[in-house]
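So the structure is just underneath, and the comments pick up after that.
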Amino acid sequence: MRSIQYEAPATVDEAVARLAEAGDKARPLAGGTDLIVQMRSRLISPEVIVDVKNIPELLQVSEEGGGFRVGAAVPGAVLGENEAVVAMWPGVVEAFELIGSTQIQGRASLGGNLCNGSPAADSTPAMIAAGVTCEIAGPNGRREAPVEDLVTAPGETSLGRGELVVSFFLPPRPARTGDAYLRFIPRTEMDIAVVGVGVCVTLDDGGTCTGARVGLGAVAPRPLLVPAAADALVGTRLDDGAMANLAAAASAACNPIDDKRGTKTYRIKVAGVLARRAAGIASERARSN
Amino acid sequence: MSDSASGFKWVGTRPVRPDGLDKVTGRANFGADFTMPGMLVGRILRSPHAHARVAGIDASAALAVPGVKAVVTAEDFPEIPDGDLMVGEGPMNFRDLSCNVMARGKVLYDGHPVAAVAATSRAAAEEALDRIRVDYEVLPHVVDVLEAMEPGAPLLHENLFTEGVDPKPDRPSNVASRVEFSLGDVEAGFAEADVVVEGEYTTEAVHQGYIEPHAAVASVGEDGHCTVWCSSQGQFMVRAYCAKLLGVENSRIRVIPSEIGGGFGGKTTIYVEPVALALSRKAGRPVKIVMDRDEVFRATGPTSSTHVKVRIGATKDGRITAGDTELRYQAGAFSGSPVQLGCMTAFAPYHLDHVRAVGYDVVVNRPKCAAYRAPGAPMAAFGVESALDELAGKLGMDPLELRLANAAREGTKAAYGPRFRQIGYVETVEAALAHEHYRAALGPNQGRGVASGFWFNIGGQSSAAVHVNEDGTAVVVDPNPDIGGSRASMAIMAAEVLGIDYDRVRPIVPDTSSIPYSDMTGGSRVTFAVGMAVVEAAKQVVEELRSRAAKVWDVDVDGVVWENGEARPASSNVGEFEPLSLAALAEGSAKTGGPISGQATINARGAGPGFGTHVCDVEVDPDTGRVTVLRYTAVQDVGRAIHPSYVEGQLQGGAAQGIGWALNEEYVYSEAGTLENPGFLDYRVPVASDLPMIDTVLVEVPNPRHPYGVRGVGEVPIIPPLAAVANAIRHACGTRMNHLPASPPRLLAALDAAKLPEAAD
């Protein structure tokens with residue numbers, strides 16, 4: 001009969017040691033809003049569960065270098081109440097807060113949302129757009145990686161044996177910069193993105209776009225950073241023509257599938273629609289910053 | 001609380017339901033909440049294939065798992081000959097039911113049970129399921145209703161020959177039957193028409209979506225007597241069906257109903273109960289089976305996916321000269337789709353001289369359909385009411401005025417046979433026309449749709465008892481599981497007859513051994529039919545109370561009247577006596593003849609047909625195909641609302657389910673015929689924030705054949721929304737959705753295909 005070993009280490013080193021020992025048989029547990037559901041659905045059956053919620057570093061939010069360091073297990077409800085983070089990166093926070101319901105928000109974490117490896121994770125495209133990086137601890141020490149490098153395929157990440165995402169670094173926001181995230185779901189809540197788009201734009205004094213990042217979710221086997229979509233905006237005043245080019249570039253970057261949540265054609269088209277709308281919100285925010 | 005205008009003290013008031021507090025505090029016991037000492041966990045092994053021959057089942061490795069106490073397969077159930085048998089509810093094919101509960105020889109859909117295990121833990125039971133070896137010979141499958149009708153389609157049953165065609169076919173097919181209802185001569189009617197509209201309409205299979213999964217505990221004693229605790233829409237149904245499937249007499253089974261967490265028709269049959277009984281019989285211990293959500297979606301419910309053709313002819317001034325429809329409904333793996341009810345209801349709101357409805361009941365490799373709220377009617381109404389909207393457009397007529405001009409009234413002969421007595425359809429259309437909603441302004445990309453619906457409502461065999469307690473309170477024994485607030489309605493009616501306070505009447509839902517037989521909770525029958533039994537039982541109590549007072553006063557019983565909850569002398573000629581309250585008579589009952597109670601058994605006739613008319617406003621996002629329901633008003637003739645809040649709740653709930661059906665709910669199958677979305681994440685019922693507050697208008701045209709004028713109300717409100725939403729979409733963006741649900745991908749594809757301007761037409 002199956003049994004499960006539950007570990008609740010108090011330090012990152014201990015957690016890494018436990019994960020490294022057990023390899024593929026182990027899964028870290030933060031909020032559990034994906035892990036427990038997958039176990040109950042008999043999709044996965046890990047033999048070792050390493051609960052990371054007793055490690056202080058993974059539960060902290062702190063200012064760092066003009067930006068913020070957010071622990072990988074910080075729940076959405078906590079980050080949503082952090083006014084300074086919300087003011088600096090509203091797109092990242094609103095994407096995080098779209099996950100699940102009020103109850104789920106009390107548990108769900110950025111680390112879990114990313115490392116679950118879903119191409120449709122809401123917070124991932126928003127973090128990609130904001131240029132967020134993650135700090136990864138492993139048997140060989142620590143390393144930093146951009147969020148867009150984490151997920152490699154549905155359910156798969158670039159993390160090595162024993163590696164654990166411990167925190168995210170939300171960089172200092174440049175002047176006249178704004179971010180936004182929009183997703184399409186058929187309902188108003190309690191759903192998984194059919195398309196998710198994060199956009200971040202930086203404007204100069206005259207309103208010309210000097211920098212942009214566009215992240216796409218649910219339209220390819222992994223969340224995408226789309227430089228071509230950003231290029232469509234940079235150097236423009238975000239006029240209708242630039243927005244149309246953005247939409248076209250976002251659509252062109254899609255490599256989706258037909259599934260129960262949407263058709264390929266639908267995802268490609270709506271990725272463009274949402275990119276345009278998200279860029280509109282991001283530029284409004286940039287102008288008011 | 002009294003309503004002086006109606007002359008009633010309790011009828012028409014809104015007291016708190018007797019089961020309310022327990023439900024909102026989590027104290028109520030639902031199907032999964034019951035446990036027994038020594039109880040085992042039962043789990044069911046289900047087919048991963050849409051269609052396969054079962055060449056063999058080897059459970060030896062499963063039985064070797066520690067903690068496993070029994071494994072059952074079809075071999076553990078008696079083989080039942082084909083054909084219908086009569087039980088309390090009517091004819092039923094128990095061979096089909098047995099084969100649906102546990103596959104025999106062939107599996108016919110993804111999720112079809114093939115074996116079950118009872119073990120001391122869920123983990124042991126699941127490990128055992130993994131170790132049962134089933135040899136499947138996979139067969140070609142078909143899930144689409146039209147494809148299943150094609151010659152050469154994969155055949156589900158080699159002994160299925162189409163009924164209702166002449167001559168009887170000599171080869172089997174997937175078409176179980178053809179039915180036809182007609183009146184007049186439709187071709188003659190079309191010859192009179194100036195305008196003809198035609199359309200084809202498709203709906204997808206939808207599930208009832210009750211929150212509570214199917215659950216049962218079964219215990220079979222050493223003497224063969226069985227007890228079942230379960231959630232259902234009829235404990236007597238569970239008893240009769242289990243008895244037939246296990247080959248035992250009704251008297252050997254006692255079924256104790258739990259609270260029910262939603263049914264909507266889906267709990268009018270059995271799934272886990274006979275399996276739990278078979279496991280318990282074999283293991284010698286009580287067995288509990290609780291379905292997981294994916295099991296609920298894969299193997300229970302749903303209702304048919306359908307294809308509907310409609311043709312309607314009318315004169316230039318808006319008189320409908322002919323209505324013609326062909327309905328094709330898939331029944332799932334065994335015959336018995338609600339296509340006949342679709343045929344009967346399709347044109348029922350209208351007075352037509354020439355009308356025809358032809359229906360085909362078709363089997364496919366999907367779970368066997370179960371009843372779903374107004375079974376069969378919403379899909380037929382989707383076709384007819386969409387076509388009427390097209391007709392109104394062609395005639396340049398207001399769509400409600402078109403309906404009013406052709407409305408069924410008292411004396412109208414319906415295509416399905418009867419002549420309507422007092423009905424309130426016209427009143428619902430007039431109320432919708434007069435409603436402020438119907439004139440409210442609309443913005444860009446917004447549109448308004450209307451549609452109507454008809455449901456028969458039924459009566460049926462019903463029992464009830466009213467017991468007076470020794471302290472002057474009363475118990476109403478109401479044998480029907482309460483899915484819509486019926487206990488409150490029963491208590492209100494009993495309080496009204498007895499003349500005591502609602503709070504002094506406690507209704508309970510008893511087990512099968514404590515009250516005579518009653519038909520299921522279904523067909524919108526309970527408040528009407530069981531309500532009549534309650535009223536009759538309460539009247540018996542009043543008669544008894546009068547006779548007890550007569551005894552106390554030593555007068556003739558004719559000299560005693562019952563008023564405001566007390567016995568009074570009928571006149572001064574009888575004598576001068578202080579009134580005797582119910583409480584006083586109860587307290588003294590030992591001296592006047594013992595306990596006071598009444599019990600009624602009836603077969604209720606005279607259910608009043610129900611009609612509703614809905615108005616829906618939507619906004620369409622032309623870039624994403626997303627539909628937002630902005631405003632919704634449901635108007636319905638409810639006869640008389642015994643408890644108006646719960647009647648309004650029925651209208652709102654029906655509308656919400658219909659809107660879900662119209663916009664996002666659907667069964668999605670893979671190429672292999674397996675269900676892709678067996679969960680509430682991807683089977684999208686509307687969440688609360690998806691819907692506006694649904695406004696209701698209760699039109700009261702009392703049913704003269706009920707003591708308080710009750711008509712059934714629960715089913716009508718799910719009928720109009722499919723077309724009301726589709727018509728609203730049409731007026732918002734110019735595109736008619738002939739295929740529901742109008743999910744964003746489907747609507748955006750239609751918008752792009754139509755290449756119509758984004759603005760409203």
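Proteins get letters first, then strands, A, B, ... in listed order; numbering begins at 1 in each. Note: hydrogens, waters and symmetry copies are ignored here, and every other heavy atom, side chains too, is used.
Salt bridge status for A/Arg42 with B/Asp130: present, with a side-chain N to carboxylate O gap under 4.0 Å.
Across every non-hydrogen atom of B/Pro745 and A/Tyr266, the tightest pair is CA-CD1, 3.4 Å. In terms of heavy-atom proximity, A/Val270 sits nearest to B/Asp623 at CG2-O, 4.2 Å. Of all the heavy atoms in B/Leu681 and A/Arg187, the pair that sits closest is O-NH2, 3.2 Å. For the residue pair A/Arg277 and B/Thr624, the shortest heavy atom distance occurs at NH1-CG2, 3.9 Å. Closest approach of A/Pro186 to B/Arg626, counting heavy atoms only: O-NH1, 3.5 Å.
Within 6.0 Å of CG in A/Asp24 there are 12 or fewer heavy atoms belonging to other residues, nucleotides or ligands. Annotation: B/Arg122, atom CZ; neighbour count of heavy atoms from other residues, nucleotides and ligands within 6.0 Å is above 12. Around CZ of A/Arg107, the count of heavy atoms belonging to other residues, nucleotides or ligands within 6.0 Å does not exceed 12.
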**Request:** Could you please spell out the steps behind the side chain to side chain contact (heavy atoms under 4.5 Å, CB included) verdict for B/Glu676 and A/Arg261?
**Result:** CA-CA 10 Å; B/Glu676 295 257 274; A/Arg261 295 187 184 132; over 6 Å; no

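In this structure, no portion of B/Tyr669 lies under 4.5 Å from any heavy atom of chain A. Using a 4.5 Å cut-off between heavy atoms, A/Arg267 does not touch chain B at all.
How far CG of B/Leu748 is from CZ of A/Phe184: 8.5 Å, rounded to the nearest 0.5 Å. Note that CG of B/Asp682 and NZ of A/Lys260 are 4.5 Å apart. Values are rounded to the nearest 0.5 Å. One distance of note links CG of B/Asn664 with CD1 of A/Ile185; it measures 10.0 Å at 0.5 Å rounding.
Ranked by heavy-atom pairs under 4.5 Å with chain B, the first of A/Lys269, A/Met190, A/Arg40 is A/Lys269.
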